[in-house]
Structures are given as C-alpha cells and as structure tokens.
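I have placed the structure first, in the form of structure tokens, so that the comments after it can refer back to it.
Quick note: numbers below take in every heavy atom, side chains included, and nothing from hydrogens, waters or symmetry partners.
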Amino acid sequence: MEEIEVLIVTGATTGKVEANNTAIKNIKRTARGYRNAANYKSVILLRSAVRTAA
C-alpha cells in the first residue's frame with residue numbers, strides 16, 4: 001500500500017532499477033565459464049562499459 005502512495009505522490013517507479021538489475025544478471029550470466037577470475041572480471045566490465053556508452 002505504501003508503494004502505491006509513493007507512486008501517486010512522486011510519480012517515481014522502480015523500472016530503471018529493475019532494468020539495471022536485469023542487465024547486470026545477463027552480463028554475469030554470459031561471463032560465466034571463465035576459469036580465470038581476471039578474464040571474468042574483464043568481460044563483465046567491458047560489457048557494462050558498452051552498455052553505458054550505447
């Protein structure tokens with residue numbers, strides 16, 4: 001009930017936050033399988049950089 005009141009008063013939603021969380025999960029999912037932790041981290045950082053630049 002409180003969430004509905006906040007939406008009515010502020011007009012703010014959690015849509016952007018949820019979209020970011022989904023994007024992070026997808027990036028992590030595609031980077032799995034790397035044995036080297038540095039490569040795993042590099043893939044995550046590169047994909048997130050491409051996403052923010054686009």
Side-chain angles (χ1 to χ4, degrees):
M1 196 64 143
E2 183 178 330
E3 296 85 4
I4 296 172
E5 291 176 18
V6 170
L7 174 62
I8 292 170
V9 173
T10 64
T13 65
T14 60
K16 289 183 180 182
V17 174
E18 293 297 328
N20 286 335
N21 287 340
T22 302
I24 290 168
K25 286 181 182 180
N26 286 336
I27 290 169
K28 284 184 170 182
R29 189 175 299 124
T30 57
R32 285 193 182 125
Y34 287 92
R35 293 183 181 179
N36 186 340
N39 289 346
Y40 177 77
K41 184 177 178 181
S42 296
V43 169
I44 291 172
L45 292 175
L46 286 171
R47 288 187 186 247
S48 64
V50 167
R51 185 177 180 277
T52 57

Nearest 0.5 Å, what's the CZ-OG1 distance between Arg29 and Thr22?
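Between atom CZ of Arg29 and atom OG1 of Thr22 there are 9.0 Å.
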Point-to-point distance, once rounded to the nearest 0.5 Å, from OG1 of Thr14 to CG of Asn21:
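So the OG1 of Thr14 and the CG of Asn21 are separated by 9.5 Å.
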Starting from Ile4, walk the hydrophobic network (Ile, Leu, Val, Met, Phe, Trp, Tyr; side-chain heavy atoms closer than 4.5 Å) and list everyone else you reach, by chain and number.
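In the cluster with Ile4 are Ile8.
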